[in-house]
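Proteins get letters first, then strands, A, B, ... in listed order; numbering begins at 1 in each. Owing to the predicted nature of the structure, the values given are computational and were not obtained by experimental measurement.
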2 protein chains.
Amino acid sequence: MSQKTEFLKPILSSELITTLNAAIGERMLILAGSCTAFFDGRIKSTLELGERILIIKKDLSILMHGVSGVKPLNWQKPKQGPISFLKEKNELVMHTKRKKTEEELWIRFRSIDFVILWAGSDFSSLEIYGDESDLVKYLVEHPSIIEKDLQILSTEFPTDVGYVDIKALDNKKKLLIIEVKKRKTTPSDAFQLKRYKDYFEKIEKKKVRAMLIAPSFPDKVRKYLENNDLESKEIDWKTIFPTISREKNVKIDDFF
Amino acid sequence: MSQKTEFLKPILSSELITTLNAAIGERMLILAGSCTAFFDGRIKSTLELGERILIIKKDLSILMHGVSGVKPLNWQKPKQGPISFLKEKNELVMHTKRKKTEEELWIRFRSIDFVILWAGSDFSSLEIYGDESDLVKYLVEHPSIIEKDLQILSTEFPTDVGYVDIKALDNKKKLLIIEVKKRKTTPSDAFQLKRYKDYFEKIEKKKVRAMLIAPSFPDKVRKYLENNDLESKEIDWKTIFPTISREKNVKIDDFF
DNA sequence: TATTGTATTTCGCAT
DNA sequence: ATGCGAAGTACAATA
């Protein structure tokens with residue numbers, strides 16, 4: 001009964017219902033079959049009959065996946081509320097209701113292909129490096145990549161219009177505001193930089209420089225930057241990627 | 001061989017490798033076991049040994065789920081590149097490489113608990129209603145919710161700085177630009193509205209009104225709106241939620 | 001095909 | 001808890 005992987009008979013019996021309800025929160029449940037679904041919450045969604053996979057993890061997170069795509073068709077975050085199975089009109093019904101938000105999810109299986117209970121565990125951590133904060137950190141440690149004789153003043157400097165990635169002085173002691181993007185820039189990025197420039201020119205009562213650093217600049221963005229006296233610097237992060245490394249998000253999955 | 005659900009022997013044999021490679025893109029593959037993973041792409045991530053579930057869908061999307069949480073530990077979007085299994089150092093290794101971005105994902109299974117090939121299909125559509133476009137639509141049909149004697153001119157009106165949700169004339173024939181948010185507002189929402197106002201005042205060469213409609217306004221947002229002659233209107237969408245209904249995203253999963 | 005904007009965004013971090 | 005910005009965002013609509 002407490003074997004690592006248990007294959008249940010895919011037949012809608014009261015025994016199945018009992019076993020499923022007992023497994024919730026104890027083992028991961030993987031169930032495939034033909035179902036409909038209804039979600040009522042921040043949004044409403046209905047899903048007509050189709051074949052899908054339902055996964056209920058030990059932390060009570062719910063995932064219902066269709067045959068394609070990375071995003072689940074329906075889901076619920078961990079520990080939002082009790083989950084129960086019941087038999088209704090010859091269908092296997094899963095129901096959950098979030099305690100706080102009153103959001104509800106119903107999944108009704110008309111047929112079942114397989115049901116698995118799996119007792120997996122995981123104590124390792126996902127290490128990630130190479131995100132935006134790593135890039136800012138790297139630039140601060142190697143300012144000459146941006147330009148010669150740059151003096152870094154601060155990072156994540158708070159202003160009324162947001163946090164400035166890098167605040168620095170150039171070789172003529174002129175203030176340089178830098179926004180760093182890991183991805184291709186968008187018009188919004190340029191607008192944001194403009195707000196920073198305006199903010200500092202108002203505060204300092206003199207011209208300041210402002211620069212967007214990113215791997216790619218679409219024409220529209222480049223044009224806006226030029227028209228607004230904003231600078232751009234293209235950096236292909238891959239070229240410095242191998243040299244940066246950092247451990248973060250050292251997160252251990254809870255042990256149930 | 002082409003049964004709907006096939007349970008493979010969870011033993012690392014060359015037969016398993018062959019069967020898995022043959023199943024890729026043909027049936028959904030669900031594999032549980034103890035593995036490590038490495039992703040190298042826009043970011044780098046490493047995942048130490050732990051028990052996880054690997055799912056490869058027929059559209060070649062890859063999901064690797066840990067024992068908790070809704071978000072996969074590693075994943076790949078559909079049709080990004082070929083996927084292959086191989087045997088290496090007595091481990092079952094899954095590898096994929098995106099053609100364009102050169103991003104790679106490696107998953108190495110040290111042990112396998114179960115392997116399933118499943119021939120599910122789904123032709124139904126997820127119907128969603130109550131999202132932002134529904135709200136805009138509802139407001140356009142019931143403009144008096146915004147204010148009396150409002151005349152709607154257009155929706156999704158394109159400007160140099162983005163698309164305006166609603167363009168209208170108030171009871172004094174003054175232009176009113178409206179931005180609708182289903183969620184709590186952020187400073188960026190207010191900045192965006194300001195850009196719209198500036199844009200239209202430049203075009204029209206006279207003052208225009210601009211309003212943000214949303215269920216909630218943090219102090220910082222409210223203050224920015226006040227300081228910039230921008231209006232706000234609080235609407236709790238739940239009050240009108242039950243009355244709006246619409247079908248969308250009528251999308252059929254490809255048949256493989 | 002590339003761009004744009006939403007999302008039951010999710011997630012981490014700072015307040 | 002709330003606020004805020006980044007994300008391998010994913011995904012659909014659109015130009």
B:Lys71 side-chain N/O to D:dA10 phosphate OP1/OP2 under 4.0 Å: no
Please determine whether a side-chain nitrogen of the Lys or Arg among B:Glu231 and B:Lys197 lies less than 4.0 Å from a carboxylate oxygen of the Asp or Glu. no
Compare the aromatic ring of B:Phe39 with the six-membered base ring of D:dG8 and state whether they stack according to the 5.5 Å and 30° rule. yes
Taking atom P of D:dA13 as reference, at what distance in whole Å does atom CD1 of B:Ile128 sit? 10 Å
Atom pair distance, as rounded to whole Å: CD in B:Gln76 and P in D:dT9: 13 Å
Distance-only donor-acceptor test, B:Asn74 side-chain atoms vs D:dG8 base atoms, 3.5 Å: yes
Look at B:Trp75 and D:dA10 and indicate whether a side-chain polar atom (N or O) is within less than 4.0 Å of OP1 or OP2. yes
Determine: side-chain N/O of A:Lys77 to OP1/OP2 of C:dT10, distance under 4.0 Å, yes or no. yes
Roughly how far, to the nearest 0.5 Å, is NZ of B:Lys181 from CD1 of B:Ile213? 12.0 Å
Using atom C1' of each nucleotide, how far apart are C:dA14 and D:dG8 to the nearest Å? 24 Å
Salt-bridge criterion met for A:Asp198 and A:Lys194 (N-O under 4.0 Å): yes
Position toward the 5' end of DNA chain D (nearest nucleotide), B:Phe217 or B:Leu105: B:Phe217
A:Asp189 CG to C:dT3 C1': how many Å, rounded? 14 Å
B:Lys181, nearest nucleotide to its side chain (from C:dT6, D:dG3, D:dC11): C:dT6
When you check the phosphate oxygens OP1 and OP2 of C:dT9, does a side-chain N or O of A:Arg42 lie under 4.0 Å from one of them? yes
Plane angle bin for B:Tyr224 and B:Phe191 - parallel if under 30°, tilted between 30 and 60°, otherwise perpendicular: perpendicular
Using Watson-Crick and G-U wobble pairs with both distances under 3.5 Å, what is the 5'-to-3' dot-bracket string of DNA chain C, with [ ] for crossing pairs and | for pairs outside the strand? |||||||.|||||||
Do the side chains of A:Asp122 and A:Lys58 get close enough for a salt bridge, i.e. N-O under 4.0 angstrom? no
Are B:Lys223 and A:Asp160 within salt-bridge range, i.e. N to O under 4.0 Å? no
Heavy-atom nearest nucleotide on DNA chain C taken for A:Leu73 and for A:Tyr163; more 5' hit belongs to A:Leu73
Measuring only the P atom in each nucleotide, how far is D:dC4 from C:dT8? A whole number of Å is fine. 22 Å
May I have the distance from B:Phe157 (atom CZ) to C:dG5 (atom P), rounded to whole angstrom? 14 Å
Could you pull out the closest heavy-atom pair between B:Ile146 and B:Lys233, with the gap in Å? O-CE, 3.4 Å
Contact under 4.0 Å: A:Lys184 side-chain N or O vs C:dT3 OP1/OP2: yes
